[in-house]
2 protein chains.
Amino acid sequence: MKISEIRNKLIEKGLKVTPQRIAILEAIIKLNNHPTAENIIDYIRNNHPNIATATVYKVLDALVVNELIKKVKTERDVMRYDAVMENHHHLYCSESNRIEDFFDKELNEMIDKYFENKKIPDFKIEDVKLQVIGKFLKDNE
Amino acid sequence: MKISEIRNKLIEKGLKVTPQRIAILEAIIKLNNHPTAENIIDYIRNNHPNIATATVYKVLDALVVNELIKKVKTERDVMRYDAVMENHHHLYCSESNRIEDFFDKELNEMIDKYFENKKIPDFKIEDVKLQVIGKFLKDNE
DNA sequence: TTTCAAATGATAGTCATTCTCCTATAATAA
DNA sequence: TTATTATAGGAGAATGACTATCATTTGAAA
């Protein structure tokens with residue numbers, strides 16, 4: 001993703017375009033495996049040594065509120081971030097902290113259809129996410 | 001659930017039966033809506049004023065490791081605990097911290113069948129959990 | 001009842017995240 | 001282009017959930 005695209009995303013959301021926001025969004029996209037705030041800080045410090053930790057958290061929060069990134073959380077570690085906004089699920093490794101995105105349109109359609117026919121009493125569904133826990137059979141994607 | 005049942009659960013897992021463990025397990029079952037460690041501490045302090053905070057965390061950890069309770073986590077708050085071990089999913093309120101258990105055998109069977117036919121490449125599934133996000137139409141269950 | 005591994009209590013420590021408050025800077029308008 | 005101002009960022013302290021440490025206690029096996 002080009003910087004001009006990142007810039008446009010910020011403008012679309014009515015957010016001021018700052019070097020910090022560009023650097024952080026860029027980092028999440030480049031790191032692309034659900035980085036933690038710490039991962040992001042390490043990454044951007046190379047090019048932006050003076051960025052404050054609090055700023056990173058403030059920017060991440062602004063990006064989440066404005067739906068440019070999402071938060072992902074597991075049962076055992078800190079908050080992580082994901083720049084993929086398209087509806088998707090997650091594969092969680094049961095032995096490590098690895099998380100991968102999982103896209104499956106057919107599955108989504110099946111689940112949507114299921115809940116259309118069988119409503120949950122007194123509950124209005126907005127979104128359904130799968131957490132698929134298991135083992136990766138190869139070390140890296 | 002009677003205390004004798006709780007006692008038996010601990011013994012089955014080879015855990016020593018202590019008043020602290022009984023009180024904490026009892027609290028999670030009684031509170032029954034995914035309490036936080038703080039909720040649990042508040043609850044048991046009534047009858048067990050001398051229980052240490054660290055003990056609560058240690059006991060919770062032991063119970064999770066021994067599969068007597070589960071951890072539940074949302075995108076916005078601290079760790080919560082659930083005494084329901086039967087396989088189930090969760091309904092998350094998009095506007096509050098409310099979480100409810102959701103059981104649906106038919107759904108589980110459909111999902112199992114789906115993944116039997118359509119494997120995820122290089123991934124061995126151990127468990128699939130749904131996070132159903134939406135709004136509750138009544139204030140309390 | 002004795003023995004001792006395991007559990008608890010008290011408290012300090014850790015560390016991710018947030019708060020405070022002051023300064024700097026994007027975006028808009030003159 | 002400069003002035004204006006709301007918004008954003010920087011620095012460091014504070015917060016708070018959780019963990020570590022270690023001395024003391026206690027369940028339960030022998």
Side-chain angles (χ1 to χ4, degrees), chain A residues 3-4 6-28 34-45 47-66 68-69 71-81 97, chain B residues 3-4 6-25 27 34-45 47-66 68-69 71-81 97:
Chain A
I3 290 183
S4 60
I6 292 176
R7 191 181 289 277
N8 287 337
K9 280 172 180 279
L10 291 170
I11 291 169
E12 274 171 32
K13 299 291 181 175
L15 292 171
K16 282 189 186 172
V17 176
T18 68
Q20 292 85 347
R21 286 177 174 169
I22 292 173
I24 290 167
L25 244 179
E26 220 183 345
I28 299 169
H34 313 86
T36 64
E38 203 192 350
N39 298 150
I40 295 163
I41 291 168
D42 288 348
Y43 183 88
I44 61 177
R45 283 270 162 82
N47 297 318
H48 302 76
N50 297 321
I51 201 154
T53 304
T55 300
V56 175
Y57 283 99
K58 277 184 271 196
V59 169
L60 288 171
D61 193 51
L63 297 178
V64 170
V65 168
N66 287 281
L68 288 172
I69 62 173
K71 282 188 179 184
V72 187
K73 208 180 219 181
T74 71
E75 251 126 71
R76 62 172 161 244
D77 65 357
V78 299
M79 207 61 80
R80 295 167 66 161
Y81 297 89
N97 287 325
Chain B
I3 288 184
S4 60
I6 291 177
R7 190 182 289 278
N8 287 337
K9 279 172 181 278
L10 291 170
I11 291 169
E12 274 171 33
K13 298 292 181 175
L15 293 171
K16 283 189 186 171
V17 176
T18 67
Q20 292 86 346
R21 286 178 173 167
I22 291 173
I24 290 167
L25 244 180
H34 311 86
T36 63
E38 202 191 350
N39 297 150
I40 295 162
I41 291 168
D42 288 349
Y43 183 87
I44 60 179
R45 282 271 160 83
N47 297 319
H48 302 76
N50 297 322
I51 201 157
T53 303
T55 299
V56 175
Y57 283 100
K58 277 182 272 197
V59 169
L60 288 172
D61 193 51
L63 296 178
V64 169
V65 168
N66 286 280
L68 288 173
I69 62 172
K71 283 188 179 184
V72 187
K73 207 180 222 184
T74 71
E75 250 126 71
R76 61 172 162 244
D77 62 358
V78 299
M79 207 61 81
R80 294 167 67 162
Y81 298 88
N97 287 324

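Note that these values count all heavy atoms, side chains included, but never hydrogens, waters or copies made by symmetry. In the text below, chain A, chain B and the rest are named by the order of the sequence lines, each starting its count at 1.
Nucleotide C:dA10 holds its C1' atom 11 Å from the CG atom of B:Asn50, rounded to whole Å. Between the P atom of C:dA7 and the NE2 atom of B:His48 lies a distance of 17 Å, rounded to the nearest Å.
Shown here for A:Tyr81 and A:Ala37, the closest heavy-atom pair between the two residues is CE1-N, 4.2 Å. Of all heavy-atom pairs between B:Val56 and B:Ile24, the closest is CA-CD1, 3.8 Å.
Regarding contacts with the backbone of D:dG10, a side-chain N or O of A:Gln20 is found under 4.0 angstrom from either OP1 or OP2. Put simply, A:Tyr57 has no side-chain N or O that comes within less than 4.0 Å of OP1 or OP2 on C:dT18.
Considering only side-chain atoms of A:Lys58, the nucleotide from C:dA10, D:dG10, D:dA28 that sits closest is D:dG10. Proximity note for A:Ile51 (side chain, C-beta onward) versus D:dC22, D:dG10, D:dA11: the nearest is D:dG10.
For B:Leu15 and A:Ala37, each mapped to the nucleotide of DNA chain C holding its nearest heavy atom, the one lying further toward the 5' end belongs to B:Leu15. Comparing A:Thr53 and A:Arg7 along DNA chain C, the residue whose closest nucleotide (by nearest heavy atom) sits nearer the 5' end is A:Thr53.
Among the atoms of the strands shown, base atoms are found under 4.0 Å from some heavy atom of B:Thr55.
By the neighbour-count criterion of 12 heavy atoms within 6.0 Å, atom CZ of B:Arg45 is densely surrounded, having more than that number from other residues, nucleotides or ligands.
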Q: Might you work through the side-chain contact (heavy atoms from CB on, under 4.5 Å) test for A:Leu25 and A:Ile69, ending with a clear yes or no?
A: CA-CA 8 Å; A:Leu25 244 179; A:Ile69 62 173; 4.0 Å; yes
